[in-house]
Amino acid sequence: MKTYLVTGGAGFIGSNYVKYLLSSFDDVRLVVLDALTYAGNLGTISKDIDEKRCFFVKGDICDAVLVDELFKTYAIDVVVNFAAESHVDRSIENPRLFLETNIMGTQNLMDVARRYWVTGKDANGYPTWSPQVRYHQVSTDEVYGSLGAEGFFTETTPLDPRSPYSASKTSADLIVKAYIETYHFPATLTRCSNNYGPYHFPEKLIPLIIRNILSGKPLPVYGDGTNVRDWLYVEDHCKAIELVVRKGRVGEVYNVGGHNEKQNIEIVRMTIDTVRQLMEEQPEYQSVLKTDLSNISYDLIQYVRDRLGHDQRYAIDPAKINSELGWLPETPFAEGIVKTIRWYLEHQDWVEEVTSGDYQKYYEQMYSKR
Ligand code: NAD
Ligand code: TYD
């Protein structure tokens with residue numbers, strides 16, 4: 001039995017990872033640490049917390065005293081760091097918070113881990129590490145910058161972040177790399193493309209579009225809608241992370257992506273078509289509509305002012321994780337998008353809950369500026 005500290009486990013990918021681990025493995029016990037920012041929601045994982053195999057602690061990854069206490073109390077073997085400020089648009093508004101959480105939080109977790117995990121020194125003065133420990137940094141393909149029409153990001157593509165969000169994630173990756181070189185810190189990293197699926201906060205493209213469609217609101221498409229993202233179903237990402245935690249080589253970076261490039265405008269049109277189709281096939285879904293079914297059409301699309309420094313295209317080459325660890329995406333996009341939209345139609349209470357605080361005001365302010 002290993003004890004994992006899962007940071008950011010009340011957010012989108014972290015909560016999916018918690019559910020995946022609890023349902024697929026008997027040899028793990030989880031301590032979820034989450035600050036419950038606007039993006040974290042305890043209700044998402046409340047059924048998973050049982051105080052036996054899954055504990056929850058509300059707190060900040062930058063809090064050295066708290067993180068130390070968790071290592072002491074729970075004897076942490078593995079850290080999987082999801083906690084982050086994750087939205088590019090917010091990073092353009094308030095970069096500092098991104099640097100604090102994403103960079104200093106990562107450094108704090110690793111420093112506490114060093115205190116508990118080092119067993120001695122080797123002949124060259126490098127720390128030696130307890131054999132069962134592992135730190136995993138959940139990173140993003142956005143650290144590689146933006147592609148033109150051709151090519152893919154590999155693990156050796158030069159880092160070239162262009163937004164405050166991606167600059168903060170790159171900085172965190174470099175600190176992890178520095179610890180690997182300097183202390184032989186037992187860490188791995190994954191850099192993944194855009195995820196989609198259940199529990200995705202509705203400020204990100206796909207859940208935002210679904211939410212707006214259901215109330216007949218305009219669907220904001222930045223710029224000309226030709227920017228490309230490489231979409232991966234969230235559970236496929238969780239499986240890749242766990243494979244790397246268990247079998248990945250210490251010190252290595254693994255790119256994770258589904259070879260599923262789509263222009264934003266394609267995603268928006270597909271989402272409109274799928275919502276309509278599901279509503280027609282299963283009229284009971286129409287009960288969640290706050291508009292007339294006939295309003296669900298491409299007329300809702302509204303091209304708005306582009307995001308500053310908007311990266312044109314992301315595309316991942318996942319050959320390394322495929323050949324070394326045998327990982328392959330399992331969910332074709334056509335299936336994943338229908339699953340995701342169904343989930344949102346059936347979980348409008350969750351959407352209401354996570355958007356009930358200040359979110360609506362924030363959204364209106366953001367979009368009035370576009
Ligand atoms: P999210 O915004 O949905 O969740 C982030 C979680 O971290 C929230 O629960 C939040 O409360 C928590 N958090 C924020 N600051 C914290 C702090 N200081 N201390 C403790 N908890 C804190 O993000 P997500 O989409 O689930 O992304 C998770 C990770 O995966 C991030 O590191 C992100 O950079 C990375 N990533 C995301 C994607 C994607 O498509 N969403 C793709 C690749 C990588
Ligand atoms: P997003 O979901 O914010 O993820 P990221 O910026 O990390 O890739 O955005 C995905 C793409 O969709 C990105 O190119 C920006 C675009 N976008 C819109 O066109 N409209 C929107 O309202 C949002 C939130 C994003």
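All values below come from the heavy atoms of this structure, side chains included, with hydrogens, waters and symmetry mates left out. Small disclaimer: the values here were computed from a predicted structure and weren't measured. Read the numbers this way: they start at 1 and go in the same order the structure lists the ligands and their atoms.
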| field | Passing option when T190 is tested against Q137, H136, H237, E252 for side-chain hydrogen bond (donor to acceptor under 3.5 Å, both in side chains) | value |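 The residue from Q137, H136, H237, E252 that satisfies side-chain hydrogen bond (donor to acceptor under 3.5 Å, both in side chains) with T190 turns out to be H136.
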
Using a 4.0 Å cutoff against the non-hydrogen atoms of [X], which atoms of ligand 2 qualify?
X	result
V221	19 (O)
N194	4 (O), 5 (P), 8 (O)
E142	5 (P), 7 (O), 8 (O)
P220	18 (C), 19 (O), 20 (N), 21 (C), 22 (O)
H310	13 (C), 14 (O), 15 (C)

For [atom], which protein heavy atom lies nearest, and how many Å away is it?
atom	value
atom 42 (C) of ligand 1	S193 O, 3.4 Å
atom 5 (C) of ligand 1	A84 O, 3.5 Å
atom 18 (N) of ligand 1	D60 OD1, 2.8 Å
atom 19 (N) of ligand 1	I61 N, 3.0 Å
atom 25 (C) of ligand 2	Y222 CE1, 3.6 Å

Just which atoms of ligand 1 are under 4.0 Å from any heavy atom in [X]?
X	value
Y165	33 (C), 34 (O)
L36	11 (O)
T140	43 (C), 44 (C)
A83	7 (O), 20 (C), 21 (N), 22 (C)

request  = Please state whether T7 comes within less than 4.0 angstrom of ligand 1, counting heavy atoms only.
outcome  =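 Not so, T7 does not reach ligand 1.
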
Task: ligand 1 contact by F82, heavy-atom criterion under 4.0 angstrom - done: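 A heavy atom of F82 does come that close to ligand 1.
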
Original post:
Is the backbone of N295 close enough, under 3.5 Å, to the side chain of D292 for a donor and an acceptor to pair up by distance?
Top reply: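 No; judged by distance alone, with no hydrogens or angles, the pair does not exist.
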
Could you see which bit of Y367 sits under 4.0 Å from ligand 2, with heavy atoms only: side chain, backbone, both or neither?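 The answer is the side chain of Y367.
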
Going by the closest heavy atom to atom 2 (O) of ligand 1, which one wins out of S86, S139, G105?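 Heavy atom nearest to atom 2 (O) of ligand 1 belongs to S86.
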
Pick out which of I13, V256, I316 makes a side-chain contact (heavy atoms from CB on, under 4.5 Å) with C192.
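Result for side-chain contact (heavy atoms from CB on, under 4.5 Å) with C192: V256.
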
Is it the case that ligand 2 has an N or O less than 3.5 angstrom from some N or O of L205?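 Yes, there is a polar N/O contact under 3.5 Å.
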
Inset, instruction - Validate the cation-pi geometry between R246 and F25: distance from NZ or CZ to the six-membered ring centre under 6.0 Å, angle to the ring axis within 45°. - result: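 Checked: cation-pi criterion met.
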
Worksheet entry | Any Y165 heavy atom less than 4.0 Å from ligand 2 |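 The answer is no, since Y165 has no heavy atom less than 4.0 Å from ligand 2.
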
